[in-house]
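Working notes for the structure below.
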Amino acid sequence: MKIVETPDSAYAHINGWRCEGFKVGLVPTMGALHAGHLSLVERSRSECDYTAVSIFVNPTQFGPHEDFSKYPRTLEDDLRQLSNLDVDLVFAPQNTSLYPDGFSCFVGTPKVAQPLEGIHRHDHFAGVTTIVLKLMNIMPANVAYFGMKDYQQLAVIRRMVEDLNVPIQVAGCPTVRESDGLAMSSRNRYLSPEGRQKALCLSKALNFAADAIASGQTAVSEIEASMQKLLVENGADSIDYARIVDPDWLTDISTITGPVVALIAAHVEKTRLIDNRVIELEN
Ligand code: AMP
């Protein structure tokens, strides 16, 4: 497994493989790897000739009062896990090589970035589109793999790639969960043992929404109100949103007539957690 720090070196490796006609997969991450990240790597390994992973805690996607400085950095352990999976290349740059003095050019965001996370984390998605486009330029793979755990992020990236004609295919991968339903996240390690139990309120509320819809409830505002109540009763300290929206555009809907996505962002202890569930109507 090659480990490189500079954009030039990452580009040279991937461009070399592409020129030889190989299919290359890219898995962008912020490190602190868990089984969710590794599922993306495994998917890339199964579909591509070469798999490259980036590990970079991107400062521009964190707000001034968010957890950038305390975000877990576990590079040695991450490299060991990736090496075990036979990853071909890891790009782990320093901040200064991606954001040198004088950096000032940000990628815009599509409309789908506006609701939900866009309301609660101003500028977050501009940081995401900027780093993802930079990584796609530095690592010109055939396919880039992203998790549905970050549902809105995936929608934003799909739109950016389409709108800006970025020559890469975007693959969305299912959320990997702990056996009790908690979506895996690097931030779960912030939780105390009690917080870890409380964090199940997110998957419980999403399952509640799915059951309500399966049993024929169609009034979105009523289901959302019940989700909020369930979150608070089961351990959420505050809720940024608990919504049911259109699965493609993340726009509001009032009555359920087709597939939807339920999305939650809530604080448990001091940790902000997100989760979502796509809900199809059963026939
Ligand atoms: P992050 O390191 O949090 O930026 O995540 C890197 C990639 O892993 C993103 O595409 C995430 O959506 C994806 N990811 C994070 N957690 C999970 C999970 N539990 N299941 C599947 N993919 C995930």
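For this chain, numbers begin at 1 and follow the sequence in order. Ligands are counted one by one from 1 in listed order, and the atoms in each one are counted from 1 as well. These numbers come from the heavy atoms of this one structure, side chains and all, not from hydrogens, waters or symmetry mates.
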**Message:** F146 and side chain to side chain contact (heavy atoms under 4.5 Å, CB included): which single residue from V27, V132, V156 fits?
**Reply:** V132

**Item:** Heteroatom distance test (V176, ligand 1): nitrogen or oxygen, under 3.5 angstrom
**Value:** yes

**Message:** I need the atoms of ligand 1 closer than 4.0 Å to a non-hydrogen atom of G147, numbered in the order shown.
**Reply:** 9 (C), 10 (O), 11 (C), 12 (O), 13 (C), 22 (N)

**Item:** Short side-chain to backbone donor-acceptor contact, R45 and V87, under 3.5 Å
**Value:** no

**Complete:** The single option from T251, V220, L263 that satisfies side chain to side chain contact (heavy atoms under 4.5 Å, CB included) with V245 is L263

**Prompt:** What protein heavy atom sits nearest atom 16 (N) of ligand 1, and how far away is it?
**Reply:** H34 CE1, 3.3 Å

**Asked** Which bit of P174 gets closer than 4.0 Å to ligand 1, counting heavy atoms only: side chain, backbone, both or neither?
**Response** backbone

**Prompt:** For atom 8 (O) of ligand 1, which candidate among M30, M148, H37, R177 provides the closest heavy atom?
**Reply:** H37

**Prompt:** Quick one: which of F146, Y71, Y145 has a heavy atom closest to atom 3 (O) of ligand 1?
**Reply:** Y71

**Request:** Name all residues meeting the ring-ring contact (aromatic ring centres under 6.0 Å, His included) criterion together with Y190; count only those two or more places apart in sequence or in a different chain, and write none if there are none.
**Result:** none

**Message:** Any carboxylate oxygen within less than 4.0 angstrom of a Lys/Arg side-chain nitrogen, looking at E162 and R158?
**Reply:** no

**Request:** Give yes if a backbone or side-chain nitrogen or oxygen of C173 is under 3.5 Å from a nitrogen or oxygen of ligand 1, and no if not.
**Result:** no

**Item:** Contact check: D150 vs ligand 1, nitrogen or oxygen atoms, below 3.5 angstrom
**Value:** yes

**Prompt:** H124: what forms a ring-ring contact (aromatic ring centres under 6.0 Å, His included) with it, not counting sequence neighbours?
**Reply:** none

**Asked** Should you measure from each heavy atom of M184, which atoms of ligand 1 turn up under 4.0 Å away?
**Response** 16 (N), 17 (C), 18 (C), 19 (N)

**Fill in**
atom 23 (C) of ligand 1: closest protein heavy atom, distance to 0.1 Å, is K149 CB, 4.0 Å

**Request:** Please determine if D163 and K111 form a salt bridge, counting it only when a charged side-chain N lies under 4.0 Å from a carboxylate O.
**Result:** no

**Passing option when R272 is tested against D67, D240, D237 for salt bridge (charged side-chain N to carboxylate O under 4.0 Å, His left out)** = D240

**Request:** Report, in ascending order of atom number, the atoms of ligand 1 lying under 4.0 Å from any heavy atom of L40.
**Result:** 7 (C), 8 (O), 10 (O), 13 (C), 22 (N)

**Item:** P28 touching ligand 1 at heavy-atom level, < 4.0 angstrom
**Value:** yes

